Amino acid sequence: MSTSAPSLAAPALREGAFGNAVELVCRECGTTRELGPHYVCAECFGPLEIRYDFPAITREQIAAGPNNIWRYKALLPVPDDIELSPNLEPGFTRLLKADNLAAELGLKSLWVKDDSTNPTNSFKDRVVACALSAAREFGSKVFACPSTGNLANAVAAAGARAGIKTVVFIPSNLETPKQVNSAVYTENLVAVDGNYDDVNKLASEIAGEQDGWAFVNVNVRPFYAEGSKTLGYEIAEQLGWRLPDQIVIPVASGSQLTKVHKSFKELIALGLVEDKPYKVFGAQATGCSPVSEAFREGWDVVRPVRPDTIAKSLAIGNPADGAYVLDICRETGGAIADISDDEVRDAIVLLARTEGIFTETAGGTTVGVLKKLVETGQLDPELETVVINTGHGLKTLDAVTELVGPAATIAPTYEAFVAAGIA
Ligand SMILES: Cc1ncc(COP(=O)(O)O)c(C=O)c1O
Ligand SMILES: [Zn+2]
């Protein structure tokens, strides 16, 4: 197994290319390595993550920044001049008080962090913006990814704006809107006959063989993953610089959940929020629920599964960060749960009808799991809760087309309208 992409090796890095990031550190054995296009520990094959040496950072400095993720650039592995290079400027999405949904579920205080309004309508624009910066600093020629859909959309769009060649790989059975939302930005959408785990394996092989390819979630994964921290920073800032008591997050690879937790710990360490306990909850669809299964069974490791669910964006059967998700949910007193595809569909409609937010199947999974966690007594209805909506319903229309539609089809007459009984 290769421990770095030979294709991206030995870049002449400029001073400050990664801001306050100082090195890569193995999450398993703690071995450190210089910043570079590496993602696996040379000692133990554990995953590498970014370590920083943060200066003092104030709330005022952050608030003076732009209304996008670059307001937190001092906390990310990006250069200080990041705003000068073309990118999609994602982030600073709405945190909405969800009183109607709270009442429906019997919760005292609920917020929806609505990341469906990012430039390509999912949270993936955040991680891709950080990966694009790394690819630029490494002098990559191609910007690429294996994807369950949303990531491919974000890579294709960001690459177009940055003027770098993009190649995005997806399972060939993906929803049509997710395919079109990539193909419109890139000539190089590659549909692979296999599931996400097959596509991911292929991408790793290409990354090891091809010169100058930056696979955002493979060989630049440590840089990419940091982008999800901005979700946590924003939630804290939008709550008035404090942490929620409970947060519910969808889990595919598990990267987002681990990074939101990391962001909360960083804010505490930097003195930007008060130190207080919070519980992290993970959401999966039953048809692809290896992390939820491991949580329920009390296992420390995640047993890979073959996905079969309408929540295709979450259909990763062998999640890279699954074991870390388990640790975080257990440590914080949270939980991981899963729901059926029918419950996912119902939750999409529930969120739409209570809060006017149209989410995709990943958000349906998250809201449906929130409901289940309340019903099973695992989530405390008295505590302040945030649920993350990570993507937009227009990309997974098929999931609800059988549940919603015209209440009546009528002749264009007043009499026909009255007869329909809608008034
Ligand atoms: C809409 C949406 N939500 C959540 C996730 C899960 O992200 P992660 O792989 O970081 O767990 C994905 C992953 O593709 C996604 O597309
Ligand atoms: Zn190691």
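Predicted model only: the values in this text are computed from it and were never measured. What's counted below: heavy atoms across the whole structure, side chains too, no hydrogens, waters or symmetry copies. Start at 1 and go down the list; that is how both ligands and their atoms are numbered.
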Could you label the plane-to-plane angle of the [X] and [Y] rings as parallel, tilted or perpendicular, counting under 30° as parallel and over 60° as perpendicular?
X: F138; Y: F223; value: perpendicular
X: H392; Y: F358; value: perpendicular
X: F264; Y: Y278; value: perpendicular

Test V367 against every option in N389, L351, I388 by the side-chain contact (heavy atoms from CB on, under 4.5 Å) rule and name the one that passes.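 When N389, L351, I388 are each tested with V367, the side-chain contact (heavy atoms from CB on, under 4.5 Å) holds only for L351.
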
Residue from T390, I235, V260 passing side-chain contact (heavy atoms from CB on, under 4.5 Å) with K113: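 When side-chain contact (heavy atoms from CB on, under 4.5 Å) is applied between K113 and each of T390, I235, V260, only I235 qualifies.
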
Sorted by first residue and then second, give each side-chain hydrogen bond (donor to acceptor under 3.5 Å, both in side chains) pair with at least one member in residues 323-333; sequence neighbours left out.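 side-chain hydrogen bond (donor to acceptor under 3.5 Å, both in side chains) check on residues 323-333 returns E28-Y324.
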
Taking only distance into account, with no hydrogens and no angle test, what donor-acceptor pairs under 3.5 Å do side-chain atoms of residues 291-300 form with protein atoms, sequence neighbours excluded?
residue : atom : partner : partner atom : Å
S292    : OG   : D338    : OD2          : 2.6
R296    : NH1  : D338    : OD2          : 3.1

Hey, are K279 and D380 close enough for a salt bridge, meaning a charged N less than 4.0 Å from a carboxylate O?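 Salt bridge: no.
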
Just to be sure I understand the site: which N, O or S atoms from the protein are less than 2.8 Å away from the Zn ion (ligand 2)?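 Within the sphere that stays under 2.8 Å of the Zn ion (ligand 2), the protein atoms of type N, O or S are C26 SG, C29 SG, C41 SG, C44 SG.
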
Could you walk me through whether Q284 and V369 pass side-chain contact (heavy atoms from CB on, under 4.5 Å), step by step? CA-CA 8 Å; Q284 297 205 296; V369 162; over 6 Å; no

Quick one: ligand 1 N/O to protein N/O pairs below 3.5 Å?
residue  : atom   : partner : partner atom : Å
ligand 1 : 3 (N)  : T390    : OG1          : 2.6
ligand 1 : 9 (O)  : S253    : N            : 2.9
ligand 1 : 9 (O)  : S253    : OG           : 2.7
ligand 1 : 10 (O) : S255    : N            : 3.4
ligand 1 : 10 (O) : Q256    : N            : 2.9
ligand 1 : 11 (O) : A252    : N            : 2.9
ligand 1 : 11 (O) : S253    : N            : 3.2
ligand 1 : 11 (O) : G254    : N            : 2.8
ligand 1 : 14 (O) : K124    : NZ           : 3.3
ligand 1 : 14 (O) : T148    : OG1          : 3.1
ligand 1 : 14 (O) : S313    : O            : 3.2
ligand 1 : 16 (O) : N150    : ND2          : 2.9

